[in-house]
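Read through the structure below, which is laid out as structure tokens, and then see the notes.
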Amino acid sequence: MTVKLVHARLPPLPTIRDIIRLYKLRAMRDLSQNFLLETKITDRIVAAAGKIKDGEVCEVGPGPGSITRSIIRKNPARIVVIEKDKRFEAPLEMLAEASPCPLDIIYGDVMNFKMDKMFSEVRKREWSEKPPDIHLIGNLPFNVATHLIIRWLNSIAERTNAWNYGRVPMTLTFQKEVAERMVAPIGSPQRCRLSVMCQNWCHVKHCFTIPGKAFVPKPEVDVGVVHFVPLESPVIDLPFQLIEKVVRCVFNFRQKYHVRGVAMLFPMATRDAYALEMCKLADLDPTLRPFQLTVEEMGRLCQAYNRILEKQPKLAFYNSRASRADRSKFDDEDDSDLLDLQI
Ligand code: SAM
């Protein structure tokens, strides 16, 4: 049997380069716009998303539509694009008219956009099932992409937003160094908070790197394409905020013993005692460095912190990054009543 791949045909359209020229779409610095013009590269980004034929795709930040064209050629059932910059209205409308599948355009900020009703109900899958036929794809500005993935990890943890449809996968671009941090294994020089956060909720793959020179205008850095698939069960199954707080504190002093970062979870007077207690409860050598901890070991620290909070709920409000005035509510008090090591 021979299988013939049929790609949706778009009627002849001006090239992306012509569109940029025609509509005078100068890249705006404050939106960190860098456009991809080469079909070979946009096709590769879309291929990294896996099989999208007959599925629903949401593209974030389509700009003049080069990745959108590659998506269309893969015959999805429907595409939704979310674009902040209204200047792209004309080329996107032109693409919607030419597209053989429905292409809905939403003008807005993806950071605040709720996707919990955006796809067809019939696509919904249980979390324990294989991912639904829904795909999120985007080449967003670096600063937006990193904030967005943290926000989306929070949604994944809570199974809200697009993830009320199940384990929706994402294919997104980041500055290459950020992509490397996301997948960094223990012991690697790039291992950081982002590695633990991404790997706790997702299977993360750095698919390939796009050289900066492939973009117009050319950014200073190269770009990593990362594919995320939410895990059936997170490694650490605790609330997002608690995990985020522990992981942030532990990585506060990346090169020091991790107990040093753990101590930052607690007010001054109780700090050292609780930090050692947490390591004991987690059955961890306090002299391990943060980048030597597996996600599972980080999870044991989170569990230990959670147990301490069950005994001393007031400690949950302590934030070493809060203003001096707020911290002093703890640090100036006699905190000895907060120290209870009978856990
Ligand atoms: N996808 C196009 C490409 O690859 O050539 C454009 C990529 S450009 C790096 C990023 C795009 O995201 C721009 O079109 C920009 O206007 C849009 N964008 C930036 N911030 C956004 C936001 N918060 N919500 C939606 N779109 C945004």
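Note that the structure is a prediction, hence the values are computed from the model and not measured. In each ligand, atom 1 is the first atom listed, and ligand 1 is the first ligand listed.
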Check your understanding: Do Arg307 and Glu310 pass the salt bridge (Lys or Arg N to Asp or Glu O under 4.0 Å) test, and can you show the C-alpha distance, the side-chain angles, and the key distance before you say yes or no?
Key -> CA-CA 5 Å; Arg307 277 177 67 185; Glu310 278 166 9; 6.0 Å; no
Point to revise | Val110 contact mode with ligand 1 (heavy-atom cut-off under 4.0 Å) | key: both
Exercise for review: Name the option, out of Gly65, Pro64, Gly61, Pro141, that contains the heavy atom nearest to atom 19 (C) of ligand 1.
Suggested key: Pro141
Check your understanding: Are Arg87 and Asp85 close enough for a salt bridge, meaning some N to O gap below 4.0 Å?
Key -> yes
Exercise for review: May I ask you to list the atoms of ligand 1 that are less than 4.0 angstrom from any heavy atom of Gly63?
Suggested key: 14 (O)
**Study point:** Contact check, Val60 vs ligand 1, heavy-atom distance below 4.0 Å
**Key:** no
**Study point:** Nearest option to atom 15 (C) of ligand 1, as decided by whichever heavy atom of Glu83, Glu38, Met111 sits closest
**Key:** Glu83
Practice item. Identify, by atom number and element, the atoms of ligand 1 in contact range of Phe35, meaning under 4.0 Å from any of its heavy atoms. Key: 5 (O), 6 (C)
Check your understanding: Does ligand 1 have an atom that lies less than 4.0 angstrom from a heavy atom of Phe88?
Key -> yes
Point to revise | Lys176 with Glu180: basic N within carboxylate O range, under 4.0 Å | key: yes
**Study point:** Ligand-side contact atoms (ligand 1) for residue partner Asp85, heavy atom cut-off under 4.0 Å
**Key:** 16 (O)
Practice item. Pick, from Asn34, Leu37, Ile210, Asp109, the option with the minimum heavy-atom distance to atom 23 (N) of ligand 1. Key: Asp109
Practice item. Ignoring angles and geometry beyond distance, decide whether Leu36 reaches within less than 3.5 Å of ligand 1 through its nitrogen or oxygen atoms. Key: yes
Review point. Cation-pi between Arg260 and Phe253: NZ/CZ under 6.0 Å from ring centre and within 45° of the ring axis?
Key: yes
Point to revise | Residue pairs passing the salt bridge (charged side-chain N to carboxylate O under 4.0 Å, His left out) test where at least one lies in residues 133-162, sequence neighbours excluded | key: none
Practice item. Run the ring-centre check on Trp127 versus Trp163 and record whether the distance is less than 6.0 Å. Key: no
